[in-house]
Number of protein chains: 2
Amino acid sequence: MTADGAPGRPNRPPTMKEIAVAAGVGLGTVSRALSDGHHVSAATRARVQDAARELRYRSSALGRGLKRQQTDTIGLIVADLSNPFYGEFAQGVLTGAQARNRHVIVGSSGEDPASELDYIDLLLEQRVGGIIAFPTGQNIESWEAARALGVRIVFADRTIDGFDAPSVVVDNAGGARELTQHLIDLGHQRIGYLGGPLDVSSGRLREEGYRAALAGAGIPAVELLIVRQGFIRETAHAHALRLLDERPSAIVASNNVLGEAVLAALRDRGLRYPADVSIAIFDDVPWSRLTQPAMTVQAQPSAELSRTAVELLLSNEAADAEIMLPTQLIVRESTRTFTSRL
Amino acid sequence: MTADGAPGRPNRPPTMKEIAVAAGVGLGTVSRALSDGHHVSAATRARVQDAARELRYRSSALGRGLKRQQTDTIGLIVADLSNPFYGEFAQGVLTGAQARNRHVIVGSSGEDPASELDYIDLLLEQRVGGIIAFPTGQNIESWEAARALGVRIVFADRTIDGFDAPSVVVDNAGGARELTQHLIDLGHQRIGYLGGPLDVSSGRLREEGYRAALAGAGIPAVELLIVRQGFIRETAHAHALRLLDERPSAIVASNNVLGEAVLAALRDRGLRYPADVSIAIFDDVPWSRLTQPAMTVQAQPSAELSRTAVELLLSNEAADAEIMLPTQLIVRESTRTFTSRL
DNA sequence: CTGAAAGCGCTAACAA
DNA sequence: TTGTTAGCGCTTTCAG
């Protein structure tokens, strides 16, 4: 009725040796019977398994890891789990890991290199077998060190110059360019851009895509219309307001959080979209089709992104394998033909 | 210039023994110098630390955990990381854990007891020190077993009948009641409810709150207006449509994903809110203020929820400590006075 | 303050 | 097929 052992006092789980005694076999036999099952007679194996079940045996990943000098652990470093993009990605990684009998230590860097470094060290201490990360772009030496230690590194969404790791990214430049081009096709010229920092490759490439579209149409880039910030919620609102005050006729927001900020800023200023300003967002999230009008977005295949990242981690792709996934432009109602105000 | 050691071949990280040799001291001294630093002369400690830095020493959590028979690992089992509510919660746990030099193995059960069981077993194998979970309500025996093994359990948002664990919840019943009462105060009588499963305590309590509000106002509960489903995205849309077809004048959605589904269903049916039907959502998310009209919600203090969960896990509160956090009704524009159609 | 040694639970190599 | 043994890296006695 009650739990076995003295309740209240933390019980130690049974060890293999105890199973061996209970089953009347040697230690090695238990190990074999419980793992591959090779080199053990069916009868013995059954006896061992019975004993293990009886005593509620739980193998110790600690002992196994120490002996084998490797673990089944995957490290995942995202930028911010409260951003649904990372949430979906992490969910995908978890699902993939569970299917392969692995578990995941998750870290969230907040785009802060110091925090990222913390996590790298931590994961190394845990002797993880591999790490999937959205790198901040710093800490190259630690990434090198990790790899030198035999830890497989896979970068998602971003790459780092000077450090080749297998990576899976979306076509950031192409996607941003297409998004901007869509606005240009609608007749917009004064197109604002609310973007992330340039030292993150995805941020840089999206801005390049934006600029490329402008250049392709012969529209000069106006620096006042290009506002950069940290991809982070905190400061986004103020930046969005600043951008709005430059009176663009359309705005490209380079991720979903920034898109939220633009909408909030719009509301603050009493402006309406797409009447007063067209809005296009890089990154799709569930709410984008719920707003009235619904948002025009460049969707990223987040499920495929995470699935590919896990595959890449567990496969033997070369270090310079860079898989690029296409984005998909979804035109809804937040963008419309430019009409001069007044 | 290149990494030390033969590049390409997975290098083994240096062990304490190697540090000991390099620093010309004994193994035990290295351990002491690198951990508490007690019982070691300042000079020796400095020498050891230098050697450790020199050789890029990374302690092995495996060795330490095996010897100490405990780890700094925290297990976290949520229902679905792609749901922003869990994303925010997980982010909070990660932040709290990092501040306390702990790391987190995250699992996502998808509300599936079998998956939850998988994760419990896995975390037990890893010899985690504690687990924070949104329990499915099943697997009581495994929770018991975990506790018997000395693993501290903290439940978040939900409790399980028949298993007392320290827990932090929000006032689900009170919050749902208040949300429903708000609708009643606006003159609504035919109030639909889109809810979660009854075997999850938060789902059950929210429905009870809804029913209590109705009962308090002398409004009979109409079972056709009460639609239950899995708190999950997949089937939510169809259920929302079904509920809409019952022609309620107002709807309570019992979490943010269900709220999304209601909005999408509304759009499908060509209905408008709050003109055709008032909408109130349990659970606040960033997009709720971005829709036009903005959503009336019952906000949960997710930051406080996760912070409390971590504190509870790391403290020594009694097993039956149940901390209940208040929710906050935020009335926006999606609810309005009932006016008979036609 | 410091060194030596035992042993945590497990796997793998070697004997039998 | 099975038992025995060594040892993974670390902490923690116990001597000195």
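Quick note on labels: first sequence line is chain A, next is B, and so on, each numbered from 1. The shown structure was predicted, so the numbers you read here are calculated from the model rather than taken from an experiment.
B/Arg64 has no side-chain polar atom (N or O) that falls below the 4.0 Å cut-off from OP1 or OP2 of D/dG9. Distances shown here put a side-chain N or O of B/Gln69 below 4.0 Å from the OP1 or OP2 atom of C/dG9. Taking 4.0 angstrom as the limit, A/Ser41 places a side-chain polar atom (N or O) nearer than this to OP1 or OP2 of D/dT2.
The residue B/Ser59 sits close only to the backbone: its heavy atoms come under 4.0 Å of sugar-phosphate atoms, none of a base. Residue contacts for B/Gly26: at a heavy-atom cut-off of 4.0 Å it reaches the sugar-phosphate backbone alone, with no base atom in range. When heavy atoms are screened at a 4.0 angstrom cut-off, B/Leu66 is found touching base atoms of the nucleic acid. Contact annotation for A/Ser31: base contact, defined as any heavy-atom pair under 4.0 Å involving a base atom.
Straight-line distance from the CD atom of A/Glu18 to the P atom of C/dG9: 8 Å, rounded to whole Å. In this structure, B/His38 places its NE2 atom 13 Å from P of D/dT12, rounding to the nearest Å. Atom CZ of B/Arg127 and atom P of C/dC10 are 7 Å apart (whole Å). Regarding A/Leu124, its CG atom lies at a distance of 15 Å from the P atom of D/dG9, rounded to whole Å. One interatomic measurement links the two molecules: CG of B/Asp36 to C1' of C/dT2, which rounds to 14 Å at whole-angstrom precision. Rounded to whole Å, the distance from NZ on A/Lys17 to P on C/dG7 is 9 Å. Counting to the nearest Å, the P atom of D/dT11 and the CG atom of B/Leu27 are 9 Å from each other. Straight-line distance from the CZ atom of A/Arg68 to the P atom of C/dA13: 12 Å, rounded to whole Å.
For A/Glu54 and A/Arg47, the salt-bridge test fails: no basic side-chain N is under 4.0 Å from an acidic carboxylate O.
Each of A/Arg102, A/Arg58, A/Arg64 was checked for a salt bridge (charged side-chain N to carboxylate O under 4.0 Å, His left out) with B/Glu125, and the lone residue meeting it is A/Arg64.
With no hydrogens or angles considered, a side-chain donor-acceptor pair links B/Glu88 and B/Ser302 at under 3.5 Å.
Between the side chain of A/Arg32 and the base of D/dG3, at least one donor-acceptor pair of N or O atoms lies under 3.5 Å.
Considering only the side chain of A/Ser60, C/dG9 comes nearest among D/dT11, D/dC10, C/dG9. When each of C/dC8, C/dC1, D/dT11 is scored by its nearest atom to the side-chain atoms of B/His39, the top-ranked nucleotide is C/dC1. Relative to the side chain of A/Lys67, the nucleotides D/dT11, D/dG7, D/dG9 differ in distance, and D/dG7 lies closest.
Geometric assessment of B/Arg307 against the ring of B/Phe89 yields a negative cation-pi assignment under the 6.0 Å and 45° thresholds.
Annotation: of the two residues near DNA chain C, B/Thr44 and A/Leu62, the 5′-most nearest-nucleotide partner is B/Thr44.
Between B/Phe134 and B/Tyr86, the ring centre distance stays below 6.0 Å.
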